[in-house]
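Structure, as structure tokens:
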Amino acid sequence: MPAAAHRCDPPGAARGVSPVHHKSVLLDALARVSAEVAAVRSRTAKTELLAGLFRQAEPAEAPLVVSYLAGRLPQRRTGVGWRTLQDPPAPAAVPSLTVPDVDAALTALAAVGGQGAQAERKRLVDALLARATEREQRFLLRLIGGELRQGALDALAVEGVAAATSADPDEVRRAVMLGGSPGAVARELLAHGPAALAAFRLRVGRPVLPMLAQTAKDVDEALDRLGPCAVEEKLDGVRVQVHRDGADVTVHTRTLDDITARLPEVTAAAAALPVSSVVLDGEVIALDADGRPHPFQEVAGRVGSRSGTGLPLSPVFFDVLAVDGRELLGLTTAERHAELARIVPEPLRVRRLAVPDPADPAARAAAREFAAEVLRRGHEGVVVKALDAPYTAGRRGASWLKAKPVHTLDLVVLAAEWGHGRRTGRLSNLHLGARRPDGTFAMLGKTFKGLTDAVLEWQTRRLRELAVSDDGWVVRVRPELVVEIAYDGLQRSSRYPAGVALRFARVVRYREDKRPEEADTVDAALASAGWGSPPPHPLP
DNA sequence: TTCCGACAGTGGGGTCGCAAT
DNA sequence: ATTGCGACCCCACTATCGGAA
């Protein structure tokens with residue numbers, strides 16, 4: 001057994017004293033460590049603080065400790081959010097709660113349903129909070145509310161586990177990506193030392209964190225960054241990972257939620273493939289009779305519905321991670337695609353153009369034309385993938401680059417909201433309006449993205465000069481500032497007056513050279529995003 | 001010494017299920 | 001029936017740390 005394993009033994013074990021009662025980790029210890037982690041800026045220091053607590057945990061409790069310090073609850077839904085957490089009870093004077101106590105309370109909370117559920121949840125969560133000291137309450141409120149804000153989440157928790165057990169951080173990270181939860185890896189590491197990592201490999205039926213793409217400005221930039229590559233269509237739907245082992249099929253989302261029961265079309269498609277076992281990566285979308293994609297909103301609505309019926313969905317696959325007992329993660333993109341093409345019929349695969357020599361002008365032109373055709377067919381854009389790259393589960397690697405068209409509009413700031421966290425005291429979230437013919441403005445959405453600290457500072461000062469009201473949350477201003485906004489498209493909206501809202505709006509720059517009368521109109525916004533008048537999809 | 005990969009934070013719109021009103 | 005909350009689908013961008021170059 002490696003020397004590191006001794007660190008996991010309870011005090012006294014090394015002297016031959018048998019630990020009759022091991023003591024559970026106290027919530028107080030977690031709350032203290034969390035506050036210390038939040039108080040230091042260095043990631044090495046945060047990691048060391050986390051590791052210090054993991055060393056004290058019993059293997060059986062490690063999953064809870066790691067989960068809490070990564071800001072996640074093992075019970076994914078508790079039914080308790082920020083609203084229910086308002087007006088907490090008076091704190092306890094003395095710490096008494098253990099980590100298993102908290103877990104038991106949250107499990108009870110998650111089980112509440114039916115008539116009177118909201119009052120019962122409030123009663124249960126207040127009962128838990130009443131047993132917590134002030135420091136523990138601060139921790140629990142942020143943990144349950146989903147906003148730990150200690151500058152460390154999953155990644156640093158995993159680093160901490162590695163440090164606590166003297167394991168190679170890269171191998172621990174790999175085990176977490178392939179083996180599921182950080183908690184399970186932490187438990188095995190604490191119990192058996194680094195040798196336990198070898199057992200965490202891809203297993204059909206257990207989802208792995210999907211590989212993600214970075215962003216490129218356009219196809220040309222992607223080709224320049226990648227070299228030999230393939231250009232694939234990017235479909236605007238819901239990411240799915242499909243596992244089939246014999247007759248058993250499961251379907252998981254990007255965050256590894258099990259949605260098998262909602263997607264019978266996908267399980268049927270997987271069951272029909274000529275394999276005994278397989279793990280596929282893909283997207284579900286919905287196509288109309290002409291083969292054009294339905295808007296994302298409709299796909300998300302169908303996927304979110306528990307019934308498993310409604311708008312028919314089509315799975316489209318772009319990668320294969322395992323087939324018939326062989327793990328393929330280490331193979332190159334080109335090799336994995338060859339396997340995919342062998343086992344998945346063409347209509348169930350994304351369209352793709354291989355570009356082995358992006359330096360060749362003809363090949364570049366073909367790649368650009370492929371991307372243009374994808375857009376003409378109504379899809380979102382392209383993902384460009386390096387041909388020689390392995391599948392790096394859970395990473396947003398530089399070997400996959402997505403490129404989507406970006407629209408811009410010059411809009412008028414109608415109001416701004418006070419920021420939170422590091423933006424406290426700054427006006428952050430902008431309300432954006434497009435001009436109407438009568439000189440009034442129609443709000444098309446909000447954004448807080450794209451702002452540097454300097455711009456944040458400037459806009460706070462400038463908007464306060466223009467303020468006409470401030471209710472402590474929203475500051476309304478005279479509509480005089482023009483700001484250039486980038487966005488990915490428009491979506492139907494029942495919230496905003498024009499019946500549409502901006503998707504993924506972000507600030508490009510302020511246009512102090514423009515007066516509000518020169519801002520873009522609602523009609524210009526509809527036209528620029530390809531929404532004729534009337535809009536292509538009926539409004540609610 | 002500078003550069004760059006990885007992370008965390010800061011929130012956006014929409015939709016569903018469920019419970020309360 | 002309508003409304004509000006919680007959860008989760010899609011997501012962009014900046015600041016920062018610390019190892020790579």
Side-chain angles (χ1 to χ4, degrees), chain A residues 38 40-47 70-71 73 76-86 110 112-121 144-159 173 212-215 235-240 253-255 257 259 262 283-284 295-307 310 380 394-398 402 404 406 417 419-424 426 428-432 444-456 485-496 500-508 540:
Chain A
V40 297
R41 295 178 61 164
S42 157
R43 288 179 192 178
T44 339
K46 288 178 192 281
T47 300
L73 302 179
R76 287 185 71 143
R77 52 174 77 212
T78 59
V80 171
W82 66 274
R83 189 71 228 229
T84 318
L85 295 171
Q86 301 287 304
V112 174
Q115 277 284 317
Q118 215 36 53
E120 178 66 2
R121 289 192 187 113
I144 300 171
E147 296 183 321
L148 201 51
R149 286 177 173 149
Q150 60 179 14
L153 293 171
D154 268 334
L156 283 198
V158 170
E159 287 276 326
R173 193 155 44 227
L212 305 173
Q214 294 182 9
T215 304
L235 306 175
D236 195 9
V238 173
R239 183 88 176 259
V240 286
T253 65
R254 190 160 90 74
T255 55
D257 244 16
I259 53 169
R262 304 183 209 166
E283 192 92 358
V284 287
F296 169 77
Q297 285 164 290
E298 294 176 18
V299 178
R302 165 60 213 280
V303 172
S305 152
R306 301 273 175 91
S307 68
E380 196 184 8
R395 311 310 288 270
R396 193 174 288 282
K402 56 182 165 184
K404 298 185 282 185
V406 175
E417 296 172 16
H420 299 89
R422 71 184 300 279
R423 292 193 176 187
T424 301
R426 305 272 162 76
S428 173
N429 199 5
L430 304 173
H431 295 201
L432 305 167
L444 292 181
K446 309 179 190 177
T447 187
F448 56 91
K449 295 173 187 163
L451 301 163
T452 63
D453 286 355
V455 171
L456 214 43
I485 298 294
Y487 64 106
D488 278 21
L490 295 179
Q491 51 193 342
R492 256 182 310 168
S493 173
S494 56
R495 171 186 316 207
Y496 291 114
V500 294
L502 302 172
R503 193 172 183 205
F504 309 142
R506 59 268 192 190
V507 171
V508 178

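Only heavy atoms go into these numbers, but all of them, side chains included; no hydrogens, no water, no symmetry mates. What you see is a predicted model; the values in this text were computed from it and never measured. Chain letters run A, B, ... following the sequence lines, proteins first, then strands; residues in each count from 1.
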Practice prompt. With the side chain of A:T78 defined as its heavy atoms from C-beta on, choose the nearest nucleotide among C:dA7, B:dA8, B:dA20.
Written response: C:dA7
Item to complete: Any strand is fair game: report the nucleotide pairing with B:dG11 by Watson-Crick or G-U wobble, both distances under 3.5 Å, or none.
Response: C:dC11
Fill in: Contact under 4.0 Å: A:R83 side-chain N or O vs C:dG6 OP1/OP2
no
Discussion item. Does A:A486 reach a base, just sugar-phosphate, or nothing at all? Heavy atoms under 4.0 Å.
Written reply: nothing
Worksheet item: Do A:R422 and B:dT10 have a side chain to base donor-acceptor pair shorter than 3.5 Å?
Response: no
Practice prompt. Check whether any side-chain N or O of A:K46 sits under 4.0 Å from OP1 or OP2 of B:dC7, and answer yes or no.
Written response: no
Worksheet item: Just checking A:K449: base, sugar-phosphate only, or nothing, at a heavy-atom cut-off of under 4.0 Å?
Response: base
Item to complete: Report which part of the nucleic acid A:V507 touches: base, sugar-phosphate, or nothing (heavy-atom distance under 4.0 Å, all strands).
Response: nothing
Practice prompt. Would you classify A:V303 as touching base, sugar-phosphate or nothing, given that sugar-phosphate means primed atoms plus P, OP1 and OP2, and contacts are heavy atoms under 4.0 Å?
Written response: nothing
Worksheet, complete the sentence: Comparing A:E417 with A:R173, nearest DNA chain B nucleotide closer to 5' gives the residue A:R173
Item to complete: Considering just the side-chain nitrogens and oxygens of A:R239, establish if one lies under 4.0 Å of OP1 or OP2 belonging to C:dC10.
Response: no
Worksheet item: Closest nucleotide of DNA chain C for A:F296 versus for A:V80: which of these residues is on the 5' side?
Response: A:V80
Worksheet item: So which one's nearest nucleotide on DNA chain C is more toward 5', A:E283 or A:R423?
Response: A:E283
Worksheet item: According to a strict under-4.0 Å criterion, is A:T255 in side-chain N/O contact with OP1 or OP2 of C:dC9?
Response: yes
Worksheet item: Given C:dC10, B:dA8, C:dG6, which nucleotide is nearest the side-chain atoms of A:R503?
Response: C:dC10
Discussion item. Nearest to the side chain of A:A117, heavy atoms from C-beta on, is which of B:dA6, C:dC11, B:dA19?
Written reply: B:dA19
Discussion item. Using a strict threshold of under 4.0 Å (side-chain N to carboxylate O), is an ion pair present between A:K404 and A:D236?
Written reply: no
Worksheet item: Just how far, in rounded Å, is P of C:dG4 from CZ of A:R121?
Response: 18 Å
Practice prompt. Give the nucleotide from the list C:dA7, C:dA15, C:dC13 with an atom nearest to the side chain of A:T452.
Written response: C:dA15
Item to complete: Respond yes when some side-chain nitrogen or oxygen of A:H420 is under 4.0 Å from OP1 or OP2 of B:dG11, and no when none is.
Response: yes
Worksheet entry | N or O in side chain of A:S494 less than 4.0 angstrom from B:dG14 OP1/OP2 | no
Discussion item. Among B:dG12, C:dC9, B:dG13, which nucleotide has an atom closest to any side-chain atom of A:N429?
Written reply: B:dG12
Fill in: Shortest side-chain distance from A:R495, nucleotide among C:dC8, B:dG13, C:dA12
B:dG13
Worksheet item: Looking across every strand, which nucleic acid part, if any, lies under 4.0 Å from A:E147 by heavy atom: base, sugar-phosphate, or nothing?
Response: nothing
Discussion item. For A:L212 versus A:R239, what's the shortest heavy-atom pair and its separation?
Written reply: CD2-NH1, 4.0 Å
Practice prompt. Kindly say if A:W82 contacts the phosphate of C:dG6, meaning a side-chain N or O under 4.0 Å from OP1 or OP2.
Written response: yes
Practice prompt. Give A:D236 one of three labels, base, sugar-phosphate or nothing, depending on what nucleic acid heavy atoms sit under 4.0 Å from its own.
Written response: nothing
Fill in: Distance-only donor-acceptor check, side chains A:T84 and A:R121, under 3.5 Å
no
Discussion item. Rounding to an integer number of Å, can you tell me how far A:F504 CZ sits from C:dC9 P?
Written reply: 14 Å
Worksheet, complete the sentence: Between CG of A:D453 and P of C:dT14 the distance, given in whole Å, is 11 Å
Item to complete: Please determine if a side-chain N or O atom of A:Q297 lies less than 4.0 Å away from the OP1 or OP2 oxygen of B:dT15.
Response: yes
Practice prompt. From the options B:dG12, B:dG13, B:dG14, select the nucleotide whose nearest atom is closest to the side chain of A:F448.
Written response: B:dG12
Discussion item. Under 4.0 Å, heavy atoms only, any strand: does A:T447 hit a base, just the sugar-phosphate, or nothing?
Written reply: nothing
Item to complete: Between C:dT16, B:dG17, B:dG13, spot the one nearest the side chain of A:S493, thanks.
Response: B:dG13
Worksheet item: Any idea which of B:dG13, B:dT10, B:dA8 is nearest the A:R149 side chain?
Response: B:dT10
Fill in: Residue-phosphate contact under 4.0 Å: A:T44 side-chain N/O, C:dG18 OP1/OP2
yes
Worksheet item: Considering only B:dG9, B:dC7, C:dC10, which nucleotide approaches the side chain of A:A155 most closely?
Response: B:dC7
